[in-house]
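Read the structure below first, then the notes.
Sequence positions, counted from 1, serve as the residue numbers for this chain.
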Amino acid sequence: MKQIYLVLLVLIFTSAAFAQGTGSVVGVLSDKEMNNEPLPFATVQLKGTTKGTTTDFDGLYEIANVDAGTYTVVFSFVGYETVEIPNVVVEAGKVTTINTGLGATAAALDEVVITTTVSRESEVALLLEQKNATAIQQTIGADELARKGVSDAAAAIAKISGVSKQSGGSGNVYVRGLGDRYLNTTYNGLSLPSNDIERKNIDLDLFPSDIIQNVAVSKAYSTKFYGDFAASNVDVIAKDYKGKGFLDISLGSGINTRAAGKDFVRSEGTGYFGFYNRYDNNPFAVVLSQPVDPVDGGQPINLNGSISGGTSFDFGNETRLSVFATASFANDFEYRRGSKADFTSEYKQRFDDVEEFEYSTTTTAMANLIYRINSKHRISYNSLFLNSSSDEVGDYGVDGNGTNRDGIISTDEGFFVRNILFTQDMIFVNQLSGDHQFNDKLELSWGVGYNRVFARQPDRKRFTLENYQLALDNDPNTNPSFFNNTNFDNQRYFQDIQDEEINSRLNLEYKASEAIKLNFGYNGRTKTRDFKNIRYGYDLLEPRTEVSDINNLDGVFNLENLGTIYDTFVFRPLAPEYGIDNRNFPGNYENTYNGKLDIHAGYVNAEITTGKWLFVPGFRVESFRQSIAYDVINLGSNGIGESAAYKNFYLPSLNVKYAVNDDSNLRFSASKTVSFPEFKEVAPFVYEDVTQRVGGNPDLLNDPAVSNIYNLDLKYEWFFGKGELLSLSGFGKEINDPVNKVIANDATGTQRYFRTGDKATVYGVEFELRKNLLTNEDEQPVLAAGLNATVMKTEQKLKSSNGSFVSTLDRTDELQGASPYLINADLSYSPTLGSYKPVANLIYSYFDDRIEALGSGQLGNIIEKGVHNLDFVLRNELGNNWELNLSAKNLLDPDIQYFRAEPTGDIVISNYKRGIDLGLSVKYSF
């Protein structure tokens, strides 16, 4: 592939010349004789051309595919004066907006508003932007989000071809078969930190649609992106507002069919809005003073609400301050009943009956300030706060048949685990940016961001019992007892992660001529992570200490019983030299690591047009420095160490567009990129869930430090009607020294990250169709359908790894995270029934089986089973102010299943259903 890549690069570079692109003119026409109500069916014409259109029922119009240049726009309507707007400049790849009004007398030119922007919400405008873009990208905007009932960014991009969302309610997404480690997430073009130790990217579920103007997925590399790019860059653009004041209030409620009627429980010490009440307390003080039993979780009725508002203040001389703010809260009750197992070469633990209650919340607040100094200079400030929480109470082995091969009383029945876990992530994002046009040739765009993340698990409680079947026999004289094989079989766990990041972007655009545009830019990013955790074990002083009531463990673990029934135990004593030992004293943190990442990059690219061709060659130089210092217990004497890497990357790229005609393009892209490991992949700390363990591998920074990636894309796109599209794409990637999550070849079955071979290859085809099946007399869609599908093949020759950890592979397999088939489809029906305009949407998606973790030695792969998903959303606009929406999501309620593929037959390690989510919301616009 390297040779093909280099040959194509040379051939296309040698054919570069000069050409011109197209733009569009859009806007709204109002009726000055009717209090500036929309004026439908008026004529809009580019004087001296055949280009023109008519306004729709809402006074909206669009003239697409306009050659770049200066025009006079003519507005006319029978019985009204004709208005001509001269000197309207149309730029290639941009949308020129003209808003004006017609009356019995001609409108004065000072009443006309002319702006040149990139429209970022409507489906038509975003398709136009996609058509004129210099690189391959797809965007879903606020209008489409609302129409399809999309509630967050993860669900939004899952509607784009080649993109799938992880099952089980996670915000993790896959693009072209490549998962979290091969993606990047940005917010208004600036990087974002992760909120989860297990992920490189922020959970896209945290971005509700209230704050989203659009979400763009760029699958082909461009020099403006960081070099750590393989699958895509996902850019979430925040909503802003310019215009008269408005205020929207929305309230909603719903239920989950499996959660309805259940007696919900949640962690003690947590609040309804997803905040923990004891962050100021030392963990040891919490262990001694706070109860352990879960508390009443309330009625499992989901609630959500939001408020949004904005306005603009004009100060004359083109100066304007625009303000937009939004805040929202949503919660969710989910009940799961299924099975889980810990299986390596045999069952370590097996629970055929697992019951989990999860209460989750998302709270957001965002403010946007845009200060327009004049038409050529603008400064923006965006502040975003996100708080997400998950409060989960899980009982493993509720049927009394749980097994554990290390059981003391019995290995065949009666093993039971209660896991009470509260996770809270708080994210603060602040961004300052500006756009400046100095003359017709020079434009400057810049941005600076400061992010903080506080990701915590404050007081996870885990208790383990044996002979639990005796709790179900209705005999008060027979009881289960505590399992106490180690001091941490019954425990309290505290984990804290803090990320801090400063990032920036700078782009200087120089228009050398009508056919050549040059971009010079810089990106910088400095990120640190501090991780620490501590456990306090309950050491039961008498063997087989009985439990008379599993729901009253407070009767055992209280301050009065300290030293008589149990001791607290900590792994690292605070000061043994002063007699402060492991028992009944506070301790030092058990595991810590500190990570640092510095990236500085400069780039240059050119936009060269000739005839119907557009060539965008680019070159990026990036300096990368990463280090991690750790002190962990699971490596014994090797648990204290540091790993570091420093590299310079030289990354060429080329994007080519050929305008076959006014409505279709042929695109090609070739690039070299890299992939480097994340902190969580390098830090050897092991996180232990009830049935699985995941840890990092410090060898990744030296074996080698990065993966070199070669990317090829070829795409044909045909914009054959308003809001209609047909596209076909082919893509290929070669990933040298790929990283995969592998089940390490040890007794624990811990999943770790390894460089598993010399290279992996990815080949695939994408298809997308958007078609209006029925339209009304105004050419507005009544019945519309969308379909996109991806078929791909991945392959890697695996090798064994040696070092701090060992994996034994020596075979050919698919790439971890890759799904051979992806399908997304939707059907939209929007009739007009008098003044009633409902919009009904049926939305379907499917991804095929994919590898969650590669098996090592004789162990088979862990597979995530493919999932079919079907949603129904009904929007009802009632008059000018009210909106009533209904939704039914996850209608098929499929099994969410992970299994280990073994020669003797698949071993299910996790299986449950999530239930159907039914929702009702009402919105009022002031």
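Taking both residues in full, the closest heavy atoms of Thr96 and Val89 are given as OG1-O, 3.0 Å, listed atom of the first, atom of the second, then distance. Here the shortest heavy-atom pairing between Thr364 and Ser328 reads OG1-OG, 2.6 Å. Of all non-hydrogen atoms in Trp446 and Leu432, the two that sit nearest each other are CZ3-O, 3.4 Å. Here the shortest heavy-atom pairing between Val25 and Ile98 reads CG1-CD1, 4.0 Å. The nearest pair of heavy atoms linking Val90 to Tyr71 is CG2-CD1, 3.9 Å. Of all the heavy atoms in Ala238 and Met366, the pair that sits closest is CB-SD, 3.7 Å.
Checked against ring-ring contact (aromatic ring centres under 6.0 Å, His included), Phe385 has the following partners two or more places apart in sequence or in another chain: Phe428. Tyr836 meets the side chain to side chain contact (heavy atoms under 4.5 Å, CB included) test with Leu833, Pro838, Asn876, Leu878; sequence neighbours excluded. The salt bridge (charged side-chain N to carboxylate O under 4.0 Å, His left out) test applied to Asp235 returns no partner, not counting sequence neighbours. For Ser887, the side chain to side chain contact (heavy atoms under 4.5 Å, CB included) partners two or more places apart in sequence, or in a different chain, are Val873, Lys889. Residues satisfying the side chain to side chain donor-acceptor pair (under 3.5 Å) criterion with Ser306, sequence neighbours excluded, are Asp210. The side chain to side chain contact (heavy atoms under 4.5 Å, CB included) test applied to Leu920 returns Leu884, Leu886, not counting sequence neighbours. In terms of the side chain to side chain contact (heavy atoms under 4.5 Å, CB included) criterion, residue partners of Ile307 (sequence neighbours excluded) are, by chain and number, Leu247, Ile249, Ala327. Evaluation of the side chain to side chain donor-acceptor pair (under 3.5 Å) rule for Tyr924 yields no partner, not counting sequence neighbours. Residues satisfying the salt bridge (charged side-chain N to carboxylate O under 4.0 Å, His left out) criterion with Lys441, sequence neighbours excluded, are absent altogether. Not counting sequence neighbours, the partners of Ser312 by the side chain to side chain donor-acceptor pair (under 3.5 Å) test are Ser322. Checked against salt bridge (charged side-chain N to carboxylate O under 4.0 Å, His left out), Glu883 has the following partners two or more places apart in sequence or in another chain: Arg875. For Lys771, the salt bridge (charged side-chain N to carboxylate O under 4.0 Å, His left out) partners are Glu724, not counting sequence neighbours.
Within 6.0 Å of atom CH2 in Trp718, 12 or fewer heavy atoms from other residues, nucleotides or ligands are found, so the atom counts as exposed in its surroundings.
No side-chain donor-acceptor contact under 3.5 Å links Asn772 to the backbone of Leu774. Judged by distance alone, with hydrogens and angles left aside, the side-chain atoms of Glu877 form no donor-acceptor pair with the main-chain N or O of Asn881 at under 3.5 Å. Looking at Gln431, its side chain never comes within 3.5 Å of a backbone N or O of Ser383 through a donor-acceptor pair. No donor-acceptor pair under 3.5 Å is formed between the side chain of Asn503 and the backbone N or O of Val448. Listed for the Ser513 side chain is a donor-acceptor partner under 3.5 Å among the backbone atoms of Ala515. When atom types are taken as modelled, the side chain of Thr55 and the backbone of Ala42 share a donor-acceptor pair closer than 3.5 angstrom. Side-chain atoms of Thr97 never come within 3.5 Å of backbone atoms of Gly27 as a donor-acceptor pair (strictly under, hydrogens ignored). No donor-acceptor distance shorter than 3.5 angstrom exists from the side chain of Asn382 to the backbone of Asn188, with no hydrogens or angles considered.
Note that the CG atom of Leu444 and the CZ atom of Phe520 stand 13.0 Å from one another [nearest 0.5 Å]. The line from CG of Asn605 to CG of Asn507 is 7.5 Å long, rounded to the nearest 0.5 Å. Distance check, rounded to the nearest 0.5 Å: NZ of Lys376 to CD of Gln437 gives 5.5 Å. Separation of atoms OG (Ser76) and CD (Gln45) is listed at 8.0 Å; rounding is to 0.5 Å. Residue Asn233 holds its CG atom at 8.0 Å from NZ of Lys224, rounded to the nearest 0.5 Å.
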Review point. For Asn87 and Thr70, what are the C-alpha separation, side-chain angles and deciding distance, and is it a side-chain hydrogen bond (donor to acceptor under 3.5 Å, both in side chains)?
Key: CA-CA 6 Å; Asn87 301 318; Thr70 302; over 6 Å; no
Practice item. For side-chain hydrogen bond (donor to acceptor under 3.5 Å, both in side chains), just list the numbers for Ser445 and Arg505, CA-CA rounded to whole Å, side-chain angles, deciding distance to a tenth of an Å, and then say yes or no. Key: CA-CA 8 Å; Ser445 175; Arg505 60 175 174 83; 3.1 Å; yes
Check your understanding: Run the side-chain hydrogen bond (donor to acceptor under 3.5 Å, both in side chains) check on Asp248 and Ser308 step by step: do they pass?
Key -> CA-CA 5 Å; Asp248 287 345; Ser308 301; 5.9 Å; no
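Ion pair Lys511/Asp440 not flagged as a salt bridge, since none of the NZ, NE, NH1 or NH2 atoms sits closer than 4.0 Å to an Asp/Glu carboxylate oxygen.
Within the 4.5 Å cutoff, no side-chain heavy atoms of Leu369 are placed close to those of Phe324. Inter-residue side-chain proximity for Tyr187 and Val429 is flagged as met; some heavy-atom pair is nearer than 4.5 Å.
Note on ring orientation: taking the six-membered ring where Trp is involved, the planes of Phe438 and His377 are perpendicular (angle over 60°, cut-offs 30° and 60°).
With ring centers used as reference points, Tyr658 lies 6.0 Å or more from Tyr716.
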